[in-house]
Q: 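Sending over a structure as structure tokens; questions will come in a sec.
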Amino acid sequence: MSVRVRRIYEPPEADDGLRVLVDRLWPRGVSKDEAQVDEWLKGLTPSNELRKWFHGGEGSFEEFRGRYEAELAAPEAAELMDGLRKSVREGRVTLLTASKAPEQSHVSVLVGLLRG
């Protein structure tokens, strides 16, 4: 099982494996050709309400994690997570994000669930 996180602004590497964008919006300034994204899983991103709540500074990262994990348990997101887990079992998966601090974003929650 191999999953890693990279910023989408970094150039693709030969050992990235499956490149999966896990942001709701396409990152500014990056063309689709340049990004070389294999899948774009918008359905695994936090809801707009949760994203705004967290970025508004109203709660802790741990509270965000709990709320986000609850969203990921919904049927549509759970199905996408199952597919992503399958991809991780089959080979390297690189989760791509525009976040400047992926370790304090939804991406770290996804990684924890995939590795957990």
Q: If hydrophobic residues (ILVMFWY) are linked whenever their side-chain heavy atoms come closer than 4.5 Å, directly or via other members, who joins Leu25 in its cluster?
A: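 Noted: Leu25 shares its cluster with no other residue.
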Q: For a side-chain contact (heavy atoms from CB on, under 4.5 Å) check, start with the C-alpha distance between Leu110 and Met81, then their side-chain angles and the critical distance, and finish with the verdict.
A: CA-CA 9 Å; Leu110 289 173; Met81 278 298 293; 3.7 Å; yes
Q: Please examine the side chains of His106 and Arg65, heavy atoms only from C-beta on, and report whether any two atoms are closer than 4.5 Å.
A: no
Q: To the nearest 0.5 Å, tell me how far Ser108 OG sits from Leu95 CG.
A: 11.0 Å
Q: Going only through I, L, V, M, F, W and Y residues with side-chain contacts under 4.5 Å, is there a path from Val20 to Val30?
A: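 The answer is no; the residues belong to distinct hydrophobic clusters.
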Q: With no hydrogens and no angle check, do the side chains of Ser47 and Glu71 hold a donor and an acceptor under 3.5 Å apart?
A: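 There is such a pair between these side chains.
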Q: Begin from the C-alpha positions of Leu96 and Glu10 and carry the test side-chain contact (heavy atoms from CB on, under 4.5 Å) through to its verdict.
A: CA-CA 9 Å; Leu96 302 168; Glu10 299 173 50; over 6 Å; no
Q: Classify the ring geometry between Phe54 and Phe64 as parallel (under 30°), tilted (30 to 60°) or perpendicular (over 60°).
A: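 Ring orientation of Phe54 relative to Phe64: parallel.
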Q: Identify the two heavy atoms, one from Tyr68 and one from Thr45, that lie closest to each other, and give their separation to 0.1 Å.
A: CE1-C, 3.9 Å
Q: Determine, step by step, whether Val109 and Glu69 satisfy the side-chain contact (heavy atoms from CB on, under 4.5 Å) criterion, reporting the C-alpha distance in whole Å, the side-chain angles of both residues, the deciding distance to 0.1 Å, and the verdict.
A: CA-CA 8 Å; Val109 176; Glu69 287 178 354; 3.8 Å; yes
Q: Taking only residues two or more places apart in sequence or in another chain, which ones pass ring pair (Phe, Tyr, Trp, His ring centres under 6.0 Å) with Trp53?
A: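 With sequence neighbours excluded, Trp53 shows a ring pair (Phe, Tyr, Trp, His ring centres under 6.0 Å) to no residue whatsoever.
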Q: Give the minimum heavy-atom separation between Ile8 and Ala35, together with the two atoms involved.
A: CD1-CB, 3.9 Å
Q: Say whether, by atom type as modelled, one donor and one acceptor occur between the side chain of Arg6 and the main chain of Thr94 under 3.5 angstrom.
A: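 Not a single qualifying donor-acceptor pair exists.
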Q: Going by heavy atoms in the side chains, are Lys100 and Arg7 under 4.5 Å from each other?
A: yes
Q: Got a list of side-chain donor-acceptor pairs under 3.5 Å for residues 37-44, not counting sequence neighbours?
A:
residue, atom, partner, partner atom, Å
Asp38, OD2, Arg19, N, 2.8
Trp40, NE1, Asp23, O, 2.7

Q: Do Asp16 and Arg92 touch side chain to side chain, with heavy atoms closer than 4.5 Å?
A: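 No - every pair of side-chain heavy atoms lies 4.5 Å or more apart.
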Q: Quick one: CZ on Arg89 to CG on Leu114, what's the gap to the nearest 0.5 Å?
A: 10.0 Å
Q: Is the CD atom of Glu76 crowded by more than 12 outside heavy atoms at less than 6.0 Å?
A: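 No, because the 6.0 Å sphere around CD of Glu76 holds 12 heavy atoms or fewer from other groups.
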Q: Measuring only between side-chain heavy atoms, which start at C-beta, is Val5 closer than 4.5 Å to Glu103?
A: no
Q: To the nearest 0.5 Å, tell me how far Arg4 CZ sits from Arg115 CZ.
A: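 Spacing of CZ (Arg4) from CZ (Arg115) equals 11.0 Å.
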Q: I would like to know whether Arg85 and Glu90 meet salt bridge (charged side-chain N to carboxylate O under 4.0 Å, His left out); could you show each step before the answer?
A: CA-CA 9 Å; Arg85 282 186 185 100; Glu90 292 173 353; over 6 Å; no
Q: Kindly indicate whether the side chain of Leu21, heavy atoms from C-beta on, has any atom under 4.5 Å from the side chain of Pro27.
A: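 When only atoms from C-beta onward are counted, Pro27 and Leu21 do touch, with a gap below 4.5 Å.
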Q: Could you tell me which non-hydrogen atom of Trp26 sits nearest to which non-hydrogen atom of Lys32, and how far apart they are?
A: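 Closest approach of Trp26 to Lys32, heavy atoms only: CZ2-CG, 3.5 Å.
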Q: Any Lys/Arg nitrogen of Arg67 or Glu49 sitting under 4.0 Å from an Asp/Glu carboxylate oxygen of the other?
A: no
Q: For side-chain contact (heavy atoms from CB on, under 4.5 Å), just list the numbers for Leu18 and Val88, CA-CA rounded to whole Å, side-chain angles, deciding distance to a tenth of an Å, and then say yes or no.
A: CA-CA 9 Å; Leu18 183 71; Val88 169; over 6 Å; no
